[in-house]
Amino acid sequence: MPELPEVETVRRGLREWAVGRRLSGVDVHHPRAVRRHAAGPEDFAAALVGRTFTEVRRRGKYLWLPLDSGDAMIGHLGMSGQFRVLPEEAPDGPHLRVRFRFAEGPQLRFLDQRTFGGLAVSRGGADLPAEIAHIAPDPFEPGFDADRCVAALRRRRTEVKRALLDQTVVSGVGNIYADEALWRAGLHGARPADALTGPAAHRLLGHVVDVLGEAIAQGGTSFDALYVDVNGESGYFDRALHVYGREGAPCDRCGASIRRESFMNRSSFSCPRCQPRPRGRG
DNA sequence: GGACGGACCTGTTTGC
DNA sequence: TGCAAACAGGTCCGTC
């Protein structure tokens, strides 16, 4: 379940292993992996072969790798996507979607069990691909404006958790870190976003930044083999989670039993005492 | 144009 | 034991 911290961990690995290497071959094993590349798998491969990755950049959960052609390869991990650095002789495995071969050295492989992830080449997209431009800056970008983000959050006439997950409000937040930030803020996710005071919205955003930053420092969160870095290793932040996946466990703050509720066809975890439901709902 | 529900997808877990 | 349903959830798209 890669959110911003997991994607940042992958970005750092790719920066080490992919930048400066010239592609000698690209094999698309599953067309769904490049479904966002409208011109098709052959065009995707042709735009990459002979080119060199010059950088690895990220906005929210999106990665893009600028090429020496001025184009960029965009990547999104979806729910289960992985970039792995593996020797040529390593077996393909059942989830291999795209293989990148270089003039020398190990291969880069894009694996994806649930196929929600995808790759594309953005023409002229080295600086900021047009396909990503609609996403709001994430809190770790130099251009991030907290006041603007808070204003966007408070304009949403919907529940605050849904607003946090809206990548046009703030990018990089997914189900896990939204729950954790709401727990830290003592807010139930069903609270109306447009009813938050300015200071309360700023505090919530501060918790979002804190929890994301702490998770980056731990190499991300991992519950199983679905999320690993380019070397196949897991992060450690799952040990620091306070509510996500802890149904029935005592709240680390007050001892009440953590509850699980269905929300947006997903699970939401919260403390019934620290995060009371808003009155008049549910 | 914003809000919101459903679709997409597959390996694992749970229930009968 | 075996089958079916439920579940995980980020993003896109259609509808209202």
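This structure is a prediction, so every number in the text was calculated from the model and none was measured. Quick note: numbers below take in every heavy atom, side chains included, and nothing from hydrogens, waters or symmetry partners. In what follows, chains carry the letters A, B, and so on, assigned in the order in which the sequence lines appear, proteins first and then strands, with residues in each chain numbered from 1.
- In terms of phosphate contacts, A:Arg260 brings a side-chain nitrogen or oxygen within less than 4.0 Å of OP1 or OP2 of C:dA8.
- Taking atom NZ on A:Lys61 and atom P on C:dC12, their separation rounds to 11 Å, with Å as the unit.
- A:His30 places its NE2 atom 10 Å from the P atom of B:dG11, with the value rounded to the nearest Å.
- Using a 3.5 Å distance cut-off with no hydrogens or angles, the side chains of A:Ser171 and A:Arg59 do not pair a donor with an acceptor.
- Look at A:Thr158 and you'll find a side-chain N or O under 4.0 angstrom from OP1 or OP2 of B:dC4.
- To the nearest angstrom, C1' of C:dG10 lies 12 Å from CD1 of A:Ile176.
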Query raised in the report: Does the side chain to side chain contact (heavy atoms under 4.5 Å, CB included) test come out yes or no for A:Leu182 and A:Leu204, once each step is laid out?
Result: CA-CA 7 Å; A:Leu182 287 164; A:Leu204 175 58; 4.0 Å; yes
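- Under the 4.5 Å side-chain criterion, counting only non-hydrogen atoms from C-beta, A:Ile74 is in contact with A:Tyr62.
- Using a 4.5 Å cut-off on side-chain heavy atoms (C-beta onward), A:Asp147 and A:His202 make contact.
- For A:Thr115, taking side-chain heavy atoms from C-beta onward, the closest of the listed nucleotides B:dT10, B:dA7, C:dC12 is B:dT10.
- In this entry the distance linking CG of A:Leu165 with P of C:dC12 reads 14 Å, nearest Å.
- Within the 4.0 Å cut-off from OP1 or OP2 of B:dG2, not a single side-chain nitrogen or oxygen of A:Arg156 is found.
- Here the nucleotide nearest the side chain of A:Gln167, chosen from B:dC8, B:dG11, C:dT11, is C:dT11.
- You'll find that the side chain of A:His134 is closest to C:dC12, out of C:dC12, C:dG10, B:dC9.
- Between A:Gln113 and B:dC9, a side-chain N or O to OP1/OP2 separation shorter than 4.0 Å is absent.
- C:dG10: Watson-Crick or G-U partner is B:dC8, with both key distances under 3.5 Å.
- Residue A:Arg162 has its side chain nearest to B:dG5 when only B:dG5, B:dT10, C:dT11 are considered.
- Contact of the A:Leu153 side chain with the A:Val170 side chain is not registered, since no non-hydrogen atoms from C-beta on lie closer than 4.5 Å.
- The phosphate of C:dT11 has OP1 or OP2 within less than 4.0 Å of a side-chain N or O from A:His76.
- Atom pair A:Asp179:CG and C:dG10:P shows a separation of 10 Å (rounding to whole Å applied).
- Residue A:Ser267 places at least one side-chain N or O under 4.0 Å from the OP1 or OP2 atom of C:dA8.
- Nearer the 5' end of DNA chain B, as judged by each residue's closest nucleotide, is the contact made by A:Arg157, out of A:Arg266 and A:Arg157.
- Between A:Arg114 atom CZ and B:dT13 atom C1' the separation is 12 Å, expressed in whole Å.
- A:Arg35 comes within 4.0 angstrom of no nucleic acid atom, judged by non-hydrogen atoms across all strands.
- Computed from coordinates, the A:Leu153 CG to B:dG2 C1' distance equals 15 Å when rounded to whole Å.
- Spacing between atom CE of A:Met79 and atom C1' of B:dC8 amounts to 11 Å, rounded to whole angstrom units.
- The shortest distance between side-chain heavy atoms of A:His207 and A:Trp183 does not fall below 4.5 Å.
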